[in-house]
Every structure is written in structure tokens, then in C-alpha cells.
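Heavy atoms only: backbone and side chains are in, while hydrogens, waters and symmetry mates are out. Start at 1 with the first residue, then count along the sequence.
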Amino acid sequence: QPMTDKPQPEFKSAPCIRRHPEPILTREDVPYPASLIFNAGVCKYQGRYVMVFRNDYGADNEEEFQAHGFCGTNLGLAFSNDGIHWEVQPKPCIDLDYARRLIAPLIPNKDPQTELHRFYDPRLTVIDGRVHMCFAIDTAHGLRGGVAVTDDFEKWELMSASVPDNRNMVLFPEKIGGRYVRYERPVNCWGGNVLHGSQAMMWMSFSPDLRHWGDSRHVLSSAEVAFANDKMGPGAPPVRTKRGWLTTFHAVWRDDTRGKHGWEKKWPKIYSAGLMLTDLEDPSRIIGRLPTPLLAPETEYEISGGYRNHVIFPGGMILEDTGEVKIYYGAADTVECLATAHVDDLLALCKPVS
Ligand code: BMA
């Protein structure tokens, strides 16, 4: 059950946000079977922008979805010189077969064919000149979060996969105190209420080697977020600024009285993006936070016509030398979009929250 004691929030984006006039990547741009293109990870690597995007394929509209659902999910790869116009590579960079081979060393006593069901929601961070990807995997033994590394987007090395239930992991672009750091979103089943908002929250963990994770600390719960009465968790990997780590998060508002908002019979949730600033030395400490959404579903392609309308999920953030911040997000679980804002305007939004 969602928390019911909060007033209905206003789902309106911050005034400093500028949206690109239309989605930057859709299924029309993809040269292989593709239906939903969303929740991408984005980074700058070797002089160009790189995007790894989620592609759910096999149902392009409500009729096809009702008839047989999706056939599968893979991860596609696209390059860009300006972060706006993208060239999608001819084949997915990770499909289910590759993902099963990738995960095999970490499940020595399990059959990857039956163990791994889905590999999705990539997040990219460049650390020490190598591309690191966090992702979620649905397995026969729970929902796990993983970390892999690549130099060429063809060969990946799997570093770790968490125990269930943890996902939405994002890596910091540098070590802190000599250790790798990630934000993550465990789902705490304490009390038997898996999705109770106060138990689906943002944590962080440290690692000496990307394999062993621990020294975990709580960061933020949906109980503290006015526009979340269900889950919340990380969004894009944090970006270093002079005042702290600029950090997006996703926040879920659930209203069971809402009806059909997409291809399913019912979609009761509104996803928006939040913004906060965390301490450079101790990113579990929140310095400031925007009390309202940074990005809420508003445009036509965010609120209508998609698989799940009213969903905004931030997955990539790049701070340019000019001070422009590019925020990449999935909209309606159907298309990939871009919004920009000046870093000073974003920092000004992050006020101390009691
Ligand atoms: C979450 C994840 C996201 C998705 C969201 C809304 O549970 O599956 O990838 O964007 O739901 O459907």
C-alpha cells in the first residue's frame, strides 16, 4: 500500500529546465526490432557521447501488446558528436545470450539459461578512463544489480552482482577516500510490505575493487520526499560540482484510483525526477534538495501515447564546460529524451531541507 497521508503534489517541472523540442531517440532510429527505447545510460568517452539504451521489442502498440506482450529486452548502442543527434549501431551491444554468458562466472552452480530472465536499465560512468555500467537483472532467484566494465562496448567484464533485492545502481565518477562508491536502491521486505514507500529507498555502498561492496549507508527515503508515496531511488550517476555532488533521483507517486494511462489495463503510478546536492567527501550527507520535482511528466510524449504514461526516469547527466547540464531521461517507458539547465540554476535549487 502506498503512504496515504501526503497531500497530492503538483507535478510541474522546475522553471530552469529546458526540454529538447522532441525525444532524441525513438524506435524509428533503431535498425533492428525495437518497440520501447528508454532509460538509457549516457557518458562522454574518447571525444564523443555514448548512449547505451534499453530496448523492449516485439509490441509496437497497444493491440500488439494486448495480443502477445513484448518478446524481449536488449541493450542498444549509439554514438553522438553533440549529445543530441545519435547514430545507432547496427546491432544491440548486449542481448540476452550475451548477458547469460556475461553472468555465467558469477553463478557457477546455476544454469544461465534458466537463471537470467532480463538485463536492463543501464547507467554509464567513466572512471579512470574506462566505461563502467550498472544495470538490473531479473533472475530466477530475485532482482539483482550488477556492475560491468568495458573499453570498446563489445567485450564486457562483469565485476559483481548484488544479492536480491537491489537495483537502480549508479557509480560515482571517481573514488572517494580510495574506494569506489555507488548509490543503490534496495527493497526492504521488513514488515512483509515489499513496496511500502519508506522501505524502498536510496542507500550507498563502498568498494575497494568493484567486486566487494559494503560499509553501506542510508541516503534518502520516500517518506522524506513530498512527491513520492511509493518507491524512490537513484537516477543518473552523480556529477561533481564545486559545491557538492549534483544528484538526480527518481520518485514514484502511486494513486490506485487512477485508471488506464498507457497500454496496460491500469497504470497507477507517476514517476518524476528529483534533485539534490550531496557532500563531496560523504555523499550520504544531503547538503540541499529541491522540495518539488525537477522534471515532472508534462509534454505530450510524456503523458500520452506511450506504454506507461506519466513516467520520467533520469539515467544520464553530463556537465559541459559551458556550465550546461544535459539530463537524459526515459519518457513514458517509450522514448529517450533530453532536458538541459545551467549548473548554477540547478545548484540554486538545492536548498537545505529540514
Ligand atoms: C521500474 C523499472 C523502470 C521503469 C519503471 C516504470 O520498476 O522497471 O525501468 O521505467 O518501473 O515502468
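Residues G41 and L124 approach most closely at O-CD1, 3.5 Å, considering heavy atoms. Listed here is the closest heavy atom pair of K6 and A223: NZ-O, 3.6 Å. Scanning all heavy atoms of the two residues, the minimum distance from V170 to P234 falls at CG2-CB, 3.9 Å. L75 and R54 make their closest contact through CD2-CA, 4.0 Å (heavy atoms, listed as atom of the first residue, atom of the second, distance). Taking all atoms of both residues into account, the shortest heavy-atom contact from R258 to K266 is O-NZ, 2.8 Å. Between L77 and Y32 the shortest heavy-atom distance is N-OH, 4.2 Å.
A salt bridge links E62 to K260: at least one charged side-chain nitrogen sits closer than 4.0 Å to a carboxylate oxygen. A salt bridge does not link R27 to D56: none of the charged side-chain nitrogens sits closer than 4.0 Å to a carboxylate oxygen. Salt bridge status for E264 with R308: present, with a side-chain N to carboxylate O gap under 4.0 Å. Electrostatic pairing of D256 and R254 counts as a salt bridge here, judged by a charged N lying under 4.0 Å from a carboxylate O.
Every residue two or more places apart in sequence or in another chain that forms a ring pair (Phe, Tyr, Trp, His ring centres under 6.0 Å) with F65 is listed here: F70, Y307. In this view, P291 satisfies the side chain to side chain contact (heavy atoms under 4.5 Å, CB included) rule with no residue, not counting sequence neighbours. Remark: D82 engages S80, I84, H85 in a side chain to side chain contact (heavy atoms under 4.5 Å, CB included) (not counting sequence neighbours). Scanning for ring pair (Phe, Tyr, Trp, His ring centres under 6.0 Å) contacts around H132 gives an empty result, with sequence neighbours left out. Checked against ring pair (Phe, Tyr, Trp, His ring centres under 6.0 Å), F227 has no partners two or more places apart in sequence or in another chain.
Using a 3.5 Å distance cut-off with no hydrogens or angles, the side chains of N309 and S304 do not pair a donor with an acceptor.
D230 has its side chain out of reach of S222: every pair of non-hydrogen atoms, C-beta onward, lies at least 4.5 Å apart.
Counting only distance, with no hydrogens or angles, the side chain of E298 and the backbone of S13 share a donor-acceptor pair below 3.5 Å. Not a single donor-acceptor pair under 3.5 Å links the side chain of S221 to the backbone N or O of M201. The main-chain N or O of F172 is never found under 3.5 Å from a side-chain atom of T125 such that the two would form a donor-acceptor pair. W245 contributes a side-chain N or O that, together with a main-chain N or O of L280, makes up a donor-acceptor pair within less than 3.5 Å. Checking side-chain atoms of H250 against main-chain N and O of G233 turns up a donor-acceptor pair under 3.5 Å. With R144 contributing its side chain and A161 its backbone, the two residues share a donor-acceptor pair below 3.5 Å. Using modelled atom types, one side-chain atom of T248 and one backbone atom of A236 make a donor-acceptor pair closer than 3.5 Å. Within the 3.5 Å criterion, the main-chain N or O of P268 finds no donor-acceptor partner in the side chain of D255. Put simply, the side chain of E324 never gets that close to the backbone of E320: no donor and acceptor are under 3.5 Å apart. At least one donor-acceptor pair under 3.5 Å links the side chain of S160 to the backbone N or O of L210.
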message = For V42 and W86: C-alpha separation, side-chain torsions, deciding distance, then whether side chain to side chain contact (heavy atoms under 4.5 Å, CB included) applies.
response = CA-CA 11 Å; V42 184; W86 296 87; 3.9 Å; yes
query = So R19 and E302, salt bridge (Lys or Arg N to Asp or Glu O under 4.0 Å) or not? Walk me through it.
reply = CA-CA 12 Å; R19 283 172 166 86; E302 292 164 357; 2.9 Å; yes
request  = Please report the C-alpha distance between R100 and D111 in whole Å, then the side-chain angles of each, then the deciding distance to 0.1 Å, and finally whether the salt bridge (Lys or Arg N to Asp or Glu O under 4.0 Å) criterion is met.
outcome  = CA-CA 9 Å; R100 284 177 169 148; D111 176 3; over 6 Å; no
request  = Take Y98 and N74 through the test side chain to side chain donor-acceptor pair (under 3.5 Å) and record every step on the way to the result.
outcome  = CA-CA 10 Å; Y98 187 88; N74 53 37; over 6 Å; no
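Here the CG atom belonging to N39 is positioned 10.0 Å from the OG1 atom belonging to T334, to the nearest 0.5 angstrom. Atom CD of E115 is separated from atom CG of N109 by 8.5 Å, given to the nearest 0.5 angstrom. Interatomic distance, D151 CG to Q46 CD, rounded to the nearest 0.5 Å: 8.0 Å.
Taking the six-membered ring for Trp and thresholds of 30 and 60 degrees, Y271 and W267 have nearly parallel ring planes, at less than 30 degrees apart.
In this structure, F119 has its ring center closer than 6.0 angstrom to the ring center of F135.
Apart from L246 itself, the hydrophobic cluster it occupies contains I17, V239, L275, L277, I287, L290, L294, L295, Y301, I312, M317, L319, V325, I327, Y329, V335, V343, L346, L347, L349, where clustering links Ile, Leu, Val, Met, Phe, Trp and Tyr at side-chain heavy-atom distances under 4.5 Å.
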